[in-house]
Engineer: 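Let me give you the structure first, and then I'll get to my questions.
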Amino acid sequence: MNYDATVCGVADLPRRELPAESAVSGDAVWKNFGSEDLTGNLMTCTRELIQTKDAPFMGNPAGTFATRFITAQMTLAAVLLLAGCSDSTPKGRSETVASDRKQQAQDDCRDRLRAAVLRFSPIPFSTQTRPEDVVNSINSWIVECAREQAASLKISDANAALLSDDMLRTAGAPRFSRNDVEYLRDCLMFRGLSGAAWTMTQPDSVESATDASRVTDLFRTIIRSLALSPAAQETLPTGVYESLLSGTGSVDDRIWAFAEALRQRQIDCVLLQAADEGDATADPVTGSTRLICVVVGDSTLLFDPELGTPVPAMEDTSAVVTTPASLAVLRGHSRWEQAEIQIVAHPSAFAPRMLVLQERLEASDAAVLYEELAGGTSEIRPLLERLGDAVTAPWSTDKISIWAVPEQRITAAATRTESQDQAYADRMLSMQSPFERERIDISRYINDPSIDPSQLSDEQLGELQNEALNEMLQNSDTLYGKPSGRLLKARVSQISGNFELGMIQELQQIHLLCSRKEIELIFQQSGQKLVGRLPLPEKILSVQLSALGDTLFWTALTQVFRGDAGTAIQTMRNYRRRYPDEKMVLASMLIEAELLISLGNADQAATLLNGIDSVGAAEQRRIDWMLTRLPATAAVDDPATNAAETEAAAETDAASDQSDVDQPQ
């Protein structure tokens, strides 16, 4: 008998002759015929349908030994079939399942990280009441999605040698902290602000703009965003974010903000601390104690954070410097050749966990979070090596240290006293404006359900309404309105780089809402509704007054940024006329003077600067500096110019007042 074997997809197996004596009697059965090549792990499973009669099988009766033998062969065949046939298809399925699971895990991690980034982004974080939840979300991500990478990265000995003990503990921590998420918020904020400044040049000159001009524009943006605080104002331990939020800060804040904004553009800088105090002149080289050296390619640019100006190159004689000098102008001055060279960065920037996060961010969220100092932790080219290409003799990168101010400020902010916390809360209270309120129908607050107001006399209804009003006086949210936080969100958006037209419109809306000084109350009397007015409490009025000034000043800043110098000048003047005691009056005068100079009106700029009361002026050196750079004839007051300015300001104020009235409710 001949047969073919075709099992498990294996064809063309050899034809075999079944011996005649192997024929058995009985019903049809499946028989496993054996193995073609056991040593090669190839089991040939064959099938033969045996039709037999009552013939002996190897001397045994049919249906006894033969049946058991064939049954055993069938069982063995089934086992071998299952084992042999499971080597291909199930294996492919398992690989597919594993791949799907891996992709799902990656997608989940990406979603979790994206959700965490949204939570520490500037605007959502500004309204966050439980920052610890943001910390937990980013720590959950690193544990579940990046644990091995985070564990494998250690601070190198070379990097550790530059860090203080406290910095080393901060950088070496395996998990994110509250300070970390605040630093992450700041990075995203400075990414937006620096990106906006990078594109602030006029459309016809964008292509020709150089990195040097962009760095200069960024510096000027930082200076305008951070007016120097009056000496009489209490200094509160806060971060650079809080200073930008209020619009006032110290020279340290300007240094810190400029360095962080440059880092987001991947541009390096160092702080030069002079060996002595200088001679207190206005000149940056001989009178300043701190300069910022920015490395752009192979060149260097110098900026004076106290004077708020680039150090002028020899050929630049303007009061508004546009061509910064290089490090070479400091050679030959011993106070600068012996200067301390310091790296400006938040302590969290040196943490390997920041590198892990930086590498995992989506392109839309990309920001510079990590700074490789001396090398050994990552493959990033070390900062010291990058600086060494530009900061040449007599300065040496061997003497570079870390600027201690950010670490000190963070520590101080964490240990603020109760009175300092209250002072900070009071200073930020205007950010909660405007207070959302509507007309209040007093009759709706009569709480006795058994009383039908329509059945009462006017006298009885009046008494009940007075009682309801007295109860409402105890509930400030109901009567005076709930803080909306619109000004806070608008300001955070602005310092994150939003200078669009919509920002001006939003600030105008907030200004209009904050200008309301009374609460409208509706009373029922003789079946009619009467409207009464209740003056707002003095505290709310003072908060709204500060918000009114801020909205107008920040509107002017937006106009400056958008290149609308003429309109910005008029808005600055309107601000000073309406709010002469507000904190940004001096800043508005300095910005206006710069704009006038850029427009070619040196005489008006000099008149304005000479009119600043120098007693207690926080930026007196800057005022003196600008006056020394103006033409000598421009420093004389011109009565005709003053009269023209007054008339123009009056016209602008009238137009502004009318625009406020015309704004939609």
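Hydrogens, waters and symmetry mates play no part in the numbers below; they use all other heavy atoms, side chains included. Sequential numbering from 1 along the given sequence is applied to the chain's residues.
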Engineer: Would a 4.5 Å heavy-atom cut-off, applied to side chains only, mark P131 and R178 as touching?
Structural biologist: yes
Engineer: With side chain to side chain contact (heavy atoms under 4.5 Å, CB included) as the test, would you mind laying out the steps for T397 and I341 before giving the verdict?
Structural biologist: CA-CA 8 Å; T397 56; I341 306 176; over 6 Å; no
Engineer: Does A212 have any side-chain contact (heavy atoms from CB on, under 4.5 Å) partners at least two apart in sequence or in another chain, and if so, which?
Structural biologist: T210, L301
Engineer: State whether the number of non-hydrogen atoms from other residues, nucleotides or ligands found under 6.0 Å of Q273 atom CD is greater than 12.
Structural biologist: yes
Engineer: If you compare all heavy atoms of T216 against all heavy atoms of P324, which two are closest, and at what distance to 0.1 Å?
Structural biologist: OG1-CG, 3.5 Å
Engineer: Please determine whether side-chain hydrogen bond (donor to acceptor under 3.5 Å, both in side chains) holds for the pair S378 and E372, giving the CA-CA distance in whole Å, both sets of side-chain angles, and the decisive distance to 0.1 Å.
Structural biologist: CA-CA 7 Å; S378 72; E372 182 71 39; 2.7 Å; yes
Engineer: Would you mind reporting whether L507 and L487 have side-chain heavy atoms less than 4.5 Å apart?
Structural biologist: yes
Engineer: If we ignore angles and hydrogens, is there a donor and acceptor under 3.5 Å between the side chains of Q620 and D624?
Structural biologist: yes
Engineer: For residues 347-358, pull every pair meeting side-chain hydrogen bond (donor to acceptor under 3.5 Å, both in side chains), keeping only residues two or more places apart or in separate chains.
Structural biologist: D180-S348, D180-R353, H346-S348
Engineer: Considering residues at least two apart in sequence or located in another chain, which fulfil the side chain to side chain donor-acceptor pair (under 3.5 Å) criterion with S156?
Structural biologist: N159
Engineer: Is the side chain of R254 donor-acceptor paired with the backbone N or O of G249 at a distance under 3.5 Å, no angle test?
Structural biologist: no
Engineer: Side-chain contact, heavy-atom cut-off 4.5 Å: L193 with M189?
Structural biologist: no
Engineer: R409 side chain to T238 main-chain N or O, any donor-acceptor pair under 3.5 Å?
Structural biologist: yes
Engineer: Quick one: does any side-chain atom of T555 pair with a main-chain N or O of T551 as donor and acceptor, under 3.5 Å?
Structural biologist: yes
Engineer: Are any of the side-chain heavy atoms of Y370 and T377 separated by less than 4.5 Å?
Structural biologist: yes
Engineer: Sequence neighbours excluded, which residues qualify as side chain to side chain donor-acceptor pair (under 3.5 Å) partners of D276?
Structural biologist: R335
Engineer: Are the side chains of V560 and I591 in contact, using a 4.5 Å heavy-atom criterion?
Structural biologist: yes
Engineer: For V368, does its backbone N or O pair with a side-chain atom of Q264 as donor and acceptor, under 3.5 Å?
Structural biologist: yes
Engineer: For the pair K583 (side chain) and S229 (backbone), establish whether a donor and an acceptor sit closer than 3.5 Å, ignoring hydrogens and angles.
Structural biologist: no
Engineer: Going by atom types alone, do Q559 and T571 pair a side-chain donor with an acceptor below 3.5 Å?
Structural biologist: yes
Engineer: Would you list the pairs meeting ring pair (Phe, Tyr, Trp, His ring centres under 6.0 Å) in which at least one residue belongs to residues 248-300, sequence neighbours left out?
Structural biologist: F219-F258, F258-F303
Engineer: Test of understanding: with side-chain contact (heavy atoms from CB on, under 4.5 Å), list the residues that count as partners of S164, not counting sequence neighbours.
Structural biologist: D166, M167, E407
Engineer: Is E306 salt-bridged to R621, cutoff N-O under 4.0 Å?
Structural biologist: yes
Engineer: Determine yes or no for a side-chain-to-main-chain donor-acceptor pair under 3.5 angstrom, with S318 supplying the side chain and V320 the backbone.
Structural biologist: yes
Engineer: Count the heavy atoms of every other residue, nucleotide or ligand shown that sit under 6.0 Å from CD of E315, and state whether that count exceeds 12.
Structural biologist: yes
Engineer: Can you list the residues that meet the salt bridge (Lys or Arg N to Asp or Glu O under 4.0 Å) rule with D283, with sequence neighbours excluded?
Structural biologist: none
Engineer: Not counting sequence neighbours, which residues clear side chain to side chain donor-acceptor pair (under 3.5 Å) with S194? List them please.
Structural biologist: R265
Engineer: Please tell me whether Q604 and E592 have a donor and an acceptor in their side chains that are separated by less than 3.5 angstrom.
Structural biologist: no
Engineer: Indicate yes or no: does E242 engage R416 in a salt bridge with an N to O separation below 4.0 Å.
Structural biologist: no
Engineer: Sequence neighbours left out, what pairs pass salt bridge (charged side-chain N to carboxylate O under 4.0 Å, His left out) with at least one residue falling in residues 382-404?
Structural biologist: D268-R386, E371-R386, R381-E385, R381-D389
Engineer: Just grab all the ring pair (Phe, Tyr, Trp, His ring centres under 6.0 Å) pairs involving residues 382-403, residues at least two apart or on different chains.
Structural biologist: none
Engineer: Sub-3.5 Å donor-acceptor pair from the side chain of E337 to the main-chain atoms of G332, do we have one?
Structural biologist: yes
Engineer: F499: which residues meet the ring pair (Phe, Tyr, Trp, His ring centres under 6.0 Å) condition with it, sequence neighbours left out?
Structural biologist: F561
Engineer: So do L630 and I597 actually touch side chain to side chain, heavy atoms under 4.5 Å?
Structural biologist: yes
Engineer: Looking only at atom types and distance, does a side-chain atom of T300 sit under 3.5 Å from a main-chain N or O of L327, one as donor and one as acceptor?
Structural biologist: yes
Engineer: Is there a side-chain contact between L590 and L609, using heavy atoms and a 4.5 Å cut-off?
Structural biologist: yes
Engineer: Determine yes or no for a side-chain-to-main-chain donor-acceptor pair under 3.5 angstrom, with W336 supplying the side chain and V285 the backbone.
Structural biologist: yes
Engineer: Could you check whether any side-chain N or O of Y579 sits under 3.5 Å from a backbone N or O of M584, counting only pairs where one atom can act as donor and the other as acceptor?
Structural biologist: no
Engineer: Where is the tightest heavy-atom contact between R491 and L245, given as atom of each residue plus distance?
Structural biologist: NE-O, 3.2 Å
Engineer: Output, in order, the C-alpha distance, side-chain angles, deciding distance and verdict of side-chain hydrogen bond (donor to acceptor under 3.5 Å, both in side chains) for Q494 and T558.
Structural biologist: CA-CA 8 Å; Q494 188 180 50; T558 306; 2.7 Å; yes
Engineer: Does the side chain of T309 come under 3.5 Å of the side chain of D304 through a donor N or O and an acceptor N or O?
Structural biologist: no
Engineer: Going through the checks in order, is the side-chain hydrogen bond (donor to acceptor under 3.5 Å, both in side chains) test met by R331 and T392?
Structural biologist: CA-CA 11 Å; R331 287 193 170 91; T392 56; 3.0 Å; yes
Engineer: Tell me, please, which residues at least two apart from R224 pass salt bridge (Lys or Arg N to Asp or Glu O under 4.0 Å).
Structural biologist: E594
Engineer: Do the side chains of D365 and R191 get close enough for a salt bridge, i.e. N-O under 4.0 angstrom?
Structural biologist: no
